[in-house]
Amino acid sequence: GDSVTQTEGQVALSEEDFLTIHCNYSASGYPALFWYVQYPGEGPQFLFRASRDKEKGSSRGFEATYDKGTTSFHLRKASVQESDSAVYYCALAPTGFASALTFGSGTKVIPCLP
Amino acid sequence: DTTVKQNPRYKLARVGKPVNLICSQTMNHDTMYWYQKKPNQAPKLLLFYYDKILNREADTFEKFQSSRPNNSFCSLYIGSAGLEYSAMYLCASSRGQGAETLYFGSGTRLTVL
């Protein structure tokens, strides 16, 4: 079945560092790809999506590009801030009408003072 | 208002007893979902309603039931809780199905003792 694999566990980095969270997927056809962010005490919330090869999604300084060749949708941010402390989930929606999102296991981002 | 509400926030249950979790949304969304989230694991889809049609995942088919008495409300029912049901339960809704944006509630943390 469809699956999403992303950077496991947590990523600790200094504020203003460049952030990358890797996401790779396995699905047939052209699934839609998503990033969601979950802050403490809240449910996951939509960050952005991409639906076709080479399409870039972006929001709040985060971006990712759909790459069908490498089946990837890596999340990047040029300068991480303390307010970016959260869990980030990569997800896919398979082609087809009667479907729902499949999520990765989540990556916790921990910005530290430089 | 893009709010999905879940009640209660925390739920304690005894092994072998039933559990009923409630979710509501006021966005007139067609689809409502239930996901189970355990530590260090991906949120796992349990089931979803598209309008009045219930879709349940094959591997959790017999463990969870649900009802949607109207467009706004959806419940998740566990007939006999086991220790393995301890988890965060996330409800979500979307305007349609498939590649639609999901709006999540804050979750209900269920602890089974």
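Cluster membership for B:Leu76 and B:Val4, using ILVMFWY side-chain heavy atoms within less than 4.5 angstrom, is not shared. Linking Ile, Leu, Val, Met, Phe, Trp and Tyr residues whenever their side-chain heavy atoms come within less than 4.5 Å leaves B:Leu45 and A:Tyr25 in two separate clusters.
Of the possible donor and acceptor atoms, one in the side chain of A:Tyr36 sits under 3.5 Å from a partner among the backbone N and O of B:Leu102. At least one donor-acceptor pair under 3.5 Å links the side chain of B:Tyr35 to the backbone N or O of A:Leu101.
Of residues 105-113 of chain B, those residues with a non-hydrogen atom less than 4.5 Å from any non-hydrogen atom of chain A are, in numerical order, B:Gly105, B:Ser106.
Among all heavy-atom pairs drawn from B:Ala42 and A:Phe103, the shortest one is CB-O, 3.2 Å. Minimum heavy-atom separation, A:Tyr89 to B:Lys37: OH-CE, 3.0 Å.
Residue A:Lys108 qualifies as open at atom NZ: its count of foreign heavy atoms under 6.0 Å is 12 or below. Sparse packing is recorded around NZ of B:Lys63, with 12 or fewer heavy atoms of other residues, nucleotides or ligands lying under 6.0 Å away. For CZ of B:Arg95, the number of neighbouring non-hydrogen atoms (other residues, nucleotides, ligands) closer than 6.0 Å is 12 at most. By the 6.0 Å contact criterion, CD on A:Glu8 is open, its count of non-hydrogen atoms from other residues, nucleotides or ligands being 12 or less. A:Glu82 CD: 12 or fewer foreign heavy atoms inside a 6.0 Å radius. In this structure, B:Lys52 places its NZ atom where only 12 or fewer heavy-atom neighbours from other residues, nucleotides or ligands lie under 6.0 Å away. The local environment of NZ in B:Lys38 is crowded, with over 12 non-hydrogen atoms from other residues, nucleotides or ligands closer than 6.0 Å.
Two residues are said to be in side-chain contact when any heavy atoms from C-beta on lie closer than 4.5 Å; A:Ser105 and B:Asn40 fail this criterion.
Here the straight-line distance linking atom CD of A:Glu42 with atom CZ of B:Phe104 works out to 13.0 Å at 0.5 Å rounding.
Of the residues considered (A:Gly43, A:Gly41, A:Pro44), A:Pro44 shows the highest number of contacts with chain B, using heavy-atom pairs under 4.5 Å.
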